[in-house]
Structures are given as C-alpha cells and as structure tokens.
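Heads up, the thing below is written out as structure tokens.
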Amino acid sequence: MTIRDCKQSDNESVRQLFKKVFNKEHADSYWEWKYRQPPVPPIVLVWEENGTITGHIAVWVLPAYVKGQPAEIGLRIDTMVDPDARGKGIYRQLNQEMMKRAAEADIQMLYGFPSPMAQAPLLKYTAASHKTDIARWMTTFPILSSAGKKKHEGVVERITAFDSRFDKLAEAVKDQAEVHVMKSAAFLNWRYQSHPVHSYITLGLFKEGKLKGFIVVKKEKKTIKKIPVNIGSIVDISAVEQKDTDALLARGIGELKSCAAVQLWTLPGSKLETSLRKLRFQKKDHPLPFVTHNLTHDASLDEPENWLIAQGDVDSF
C-alpha cells in the first residue's frame with residue numbers, strides 16, 4: 001500500500017474509479033483539460049494497493065490574491081475511495097498527505113465543497129473548518145425589473161478571447177476581498193474558452209476603451225419533472241465598481257432570458273446580495289458546505305465574509 005503522485009499512465013484506472021464511485025463518465029478531453037492543462041499544475045495523488053488504484057485525491061492550484069498580494073490557493077477535487085476498499089483509512093491518509101504537500105508548495109488556503117458523507121471525516125481527520133454554506137440565489141422566468149433596465153455608462157461587448165486587459169482588471173480588483181481567485185487572462189482562457197464540455201458566454205464592459213468588468217454566463221438544458229427546460233447560471237463576474245457590477249448582471253440576465261430560471265452563488269456578506277434583490281432574485285437554498293483549511297497563521301482568512309467565490313471557482317461548473 002502506497003500513496004504516490006498520479007502519472008499519465010494512471011488515467012484509465014482513475015477514470016474507472018471515478019465511474020465506480022460517482023457513477024459518471026467523462027471523455028478523455030475533459031480529463032486532459034482538468035489535470036494536464038491548468039495554468040498551474042494540480043497536485044494529484046493516488047493510493048495504490050497490489051498494483052490497483054483504490055484511492056485518489058487532487059487539488060487545483062489556483063493563482064489568487066490573499067490580502068491583496070499574489071499567492072496560491074487550492075480547490076480540493078475528486079477525492080474518492082473504492083467502495084470495496086473502505087475501512088482501511090485511505091481517505092484519512094490521502095487527505096493528510098495532501099495537506100502536507102500543499103503546505104510544502106506554499107499554498108495559503110485550501111477550500112472545497114464536500115458531500116455530507118465526505119465532510120464528517122474531512123473535519124475529523126484534518127484541521128479543515130466548516131464556517132458556512134453557499135447560498136444559491138435564483139429568479140424564475142427572468143424579466144428585468146426597472147433597476148435592471150437603468151441606462152449605464154460604457155459599452156458591453158462579447159468576448160471571444162481573454163487578453164492582457166483582463167490581467168490589468170485582475171490587478172485593479174485585487175483588494176475586493178481578502179481571498180479570491182486571480183482572474184488573469186491565462187486562468188480565464190483555460191477555465192472558460194478551453195472547456196471541452198461547457199459553452200460559456202462572456203461579456204466585457206468598456207468605458208473609454210478600458211475594461212471595467214466582465215460577466216460569464218452559461219445555459220444548460222435540464223429535465224425537471226420529465227420536462228426539458230433551460231437553466232441559466234451566472235458563473236463568474238468581476239468589476240471595478242458596484243454600478244458596473246449592476247450593469248453586467250443586467251446584461252447577463254438579458255443573455256439568459258430564454259431560460260426558465262437563472263441562478264448564482266454568494267457567501268455571507270457578499271456585495272452582490274443588494275444587486276440581486278434589486279433584480280428580483282431570491283435566496284433559494286444553501287446546497288453546499290463551504291469548508292476551508294488554513295495553512296497560514298492568519299485566522300481572519302477562515303471567515304467566509306472575507307472570501308469572494310464564484311461558480312467558476314468550482315470544477316463542476
């Protein structure tokens with residue numbers, strides 16, 4: 001029994017383990033995008049026993065701003081143990097080794113959204129902390145209110161590729177939260193433009209030729225009570241000023257007007273909440289726990305109101 005770095009030759013074994021644990025399958029292109037193409041290589045570990053991989057854990061290493069300074073944070077993804085191999089402490093040992101590797105890599109914070117089954121052992125065997133749950137906001141059959149129809153300064157344009165203007169925007173908004181992913185051009189091109197499964201619509205807001213913010217939205221067809229419907233998600237949004245955020249939200253909703261519902265996430269204390277209420281969004285539920293692991297000595301970084309999280313900061317969107 002051993003924990004080791006995952007190799008490319010392990011791809012098929014890991015895919016089969018994923019299918020067995022989660023009853024889902026992904027194409028080769030998705031695995032390549034997820035594990036071979038990120039701007040910063042992820043940390044990926046497997047548990048091997050008698051030549052068979054029975055456990056897996058990974059962390060996306062994401063460039064971030066922590067208290068206004070460039071740093072790296074990590075998103076825990078795809079932690080899984082073969083159901084036939086449970087009871088051997090594999091989950092605990094994989095997590096403990098991952099925490100060690102993350103600290104050695106100078107990752108400041110780890111975060112994730114564990115299932116109820118995974119959350120209890122994660123909190124038991126590591127120093128992870130569950131402070132709050134993600135709030136999901138939703139509006140049905142979106143029609144802009146008078147607040148959303150208000151005219152704004154600037155020009156909104158469709159974005160087909162992210163360039164150096166987005167690096168400058170990321171620098172301009174670095175102090176909007178104590179912990180947030182750095183939305184650089186490299187990150188955005190990988191996360192959205194190169195995604196092998198999902199298609200996204202990105203809009204940029206420009207004033208006097210200068211990028212002031214952007215929004216990323218996505219439509220997907222789901223079956224609800226045997227009826228196919230379009231559901232929209234506001235996957236990412238970043239802007240210099242609140243009025244720019246409001247303008248981008250309105251235009252994003254306009255792109256999703258054919259959807260039966262539009263959703264997005266917030267953490268407690270998010271500045272988005274006021275804007276969402278103006279646009280007739282309501283807090284629907286709290287579907288996911290937000291769990292962090294602080295690898296610094298700054299306790300304030302554990303507080304959810306000090307984080308800025310978008311759906312695009314999660315691998316499943």
Side-chain angles (χ1 to χ4, degrees), residues 1-22 24-64 66 70-115 117-119 121-122 124-128 181-182 186-187 190-191 194-197 291-296 313-316:
M1 297 181 290
T2 184
I3 297 175
R4 60 170 176 80
D5 291 304
C6 187
K7 300 177 293 189
Q8 185 139 12
S9 58
D10 297 322
N11 282 7
E12 184 56 31
S13 295
V14 171
R15 288 179 61 190
Q16 290 304 315
L17 179 62
F18 187 90
K19 180 180 179 181
K20 186 173 183 179
V21 172
F22 298 112
K24 293 181 181 179
E25 290 188 83
H26 291 300
D28 287 340
S29 58
Y30 177 80
W31 290 100
E32 285 294 312
W33 169 84
K34 191 171 189 177
Y35 286 114
R36 307 296 173 189
Q37 297 174 9
V40 180
I43 304 173
V44 191
L45 305 175
V46 295
W47 176 283
E48 186 177 39
E49 185 173 354
N50 298 323
T52 301
I53 292 175
T54 54
H56 176 278
I57 190 171
V59 163
W60 266 355
V61 182
L62 301 173
V66 176
E72 289 180 342
I73 62 177
L75 169 65
R76 287 189 296 266
I77 53 175
D78 293 341
T79 302
M80 47 190 172
V81 176
D82 189 319
D84 297 329
R86 290 174 183 165
K88 299 179 180 181
I90 297 174
Y91 182 90
R92 170 178 57 82
Q93 293 180 66
L94 280 171
N95 271 283
Q96 290 175 344
E97 179 64 19
M98 179 57 77
M99 299 302 174
K100 176 185 174 184
R101 297 287 191 98
E104 291 172 349
D106 199 29
I107 294 173
Q108 302 289 293
M109 298 289 297
L110 295 176
Y111 71 100
F113 309 88
S115 67
M117 181 181 294
Q119 182 178 333
L122 179 65
K124 180 178 180 180
Y125 296 125
T126 74
V181 174
M182 182 189 300
F187 172 84
W190 164 69
R191 182 63 185 86
S194 300
H195 202 289
V197 178
V291 175
T292 61
H293 188 114
N294 194 336
L295 299 175
T296 75
D313 301 332
V314 183
D315 63 317
S316 57

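Nothing fancy with the numbering, it's 1 onward along the sequence.
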- Message: For Ala128, is there any backbone N or O sitting under 3.5 Å from a side-chain donor or acceptor partner on Thr126?
- Response: yes
- Item | Any side-chain donor near an acceptor of the partner, Gln16 and Glu25, under 3.5 Å | no
- I would like to know whether Glu32 and Gln8 meet side chain to side chain contact (heavy atoms under 4.5 Å, CB included); could you show each step before the answer? CA-CA 10 Å; Glu32 285 294 312; Gln8 185 139 12; 3.1 Å; yes
- Message: So which atom in Ser194 and which in Trp190 form the shortest heavy-atom distance, rounded to 0.1 Å?
- Response: CB-O, 3.6 Å
- Message: Is the ring pair Phe22/Phe18 parallel, tilted or perpendicular, if the boundaries are 30 and 60 degrees?
- Response: tilted
- Query: Is there a donor in the side chain of Asp78 and an acceptor in the side chain of Tyr35, or the other way round, less than 3.5 Å apart?
  - Reply: yes
- Item | Side-chain heavy atoms of Gln108 within contact of Leu295, under 4.5 Å | no
- Can you name the closest pair of heavy atoms from Ile77 and Val59 and give their distance? CG1-N, 4.4 Å
Identify every side-chain donor-acceptor pair in residues 83-91 under 3.5 Å, counting partners at least two apart or on other chains, and give the distances.
| unit_1 | atom_1 | unit_2 | atom_2 | d |
| --- | --- | --- | --- | --- |
| Asp84 | OD2 | Lys20 | NZ | 2.7 |
| Arg86 | NE | Val81 | O | 3.4 |
| Arg86 | NH2 | Val81 | O | 3.3 |
| Lys88 | NZ | Glu49 | OE1 | 3.3 |
| Lys88 | NZ | Glu49 | OE2 | 3.0 |
| Tyr91 | OH | Ala118 | O | 3.0 |

- May I have the step-by-step check of side chain to side chain contact (heavy atoms under 4.5 Å, CB included) for Asp313 and Leu75, ending in yes or no? CA-CA 8 Å; Asp313 301 332; Leu75 169 65; over 6 Å; no
- Query: Can you tell if the side chain of Arg92 reaches within under 4.5 Å of the side chain of Pro121, non-hydrogen atoms only?
  - Reply: no
- Task: Determine, for Glu48 against Arg4, whether the closest basic-nitrogen to carboxylate-oxygen distance falls under 4.0 angstrom.
- Result: yes
- Message: Does this structure show an ion pair linking Asp315 with Arg76, if we count only N-O contacts that are shorter than 4.0 Å?
- Response: no
- Query: Any side-chain heavy atom of Asn11 within less than 4.5 Å of one from Arg36?
  - Reply: yes
- Can you sort out the partners of Lys7 under side-chain hydrogen bond (donor to acceptor under 3.5 Å, both in side chains), two or more places apart, ordered by chain and number? none
- Does one side chain, of Asn50 or Thr52, offer a donor that lies under 3.5 Å from an acceptor on the other? no
- Non-hydrogen side-chain atoms of Val61 and Ile107 separated by less than 4.5 Å: yes
- Query: Less than 4.5 Å apart, any side-chain heavy atom of Ile73 and any of Leu110?
  - Reply: no
- Tyr30 meets the ring-ring contact (aromatic ring centres under 6.0 Å, His included) criterion, sequence neighbours left out, with His26, Trp33
- Testing Gln93, Lys100, Arg101 for side-chain hydrogen bond (donor to acceptor under 3.5 Å, both in side chains) with Glu97, which one passes? Arg101
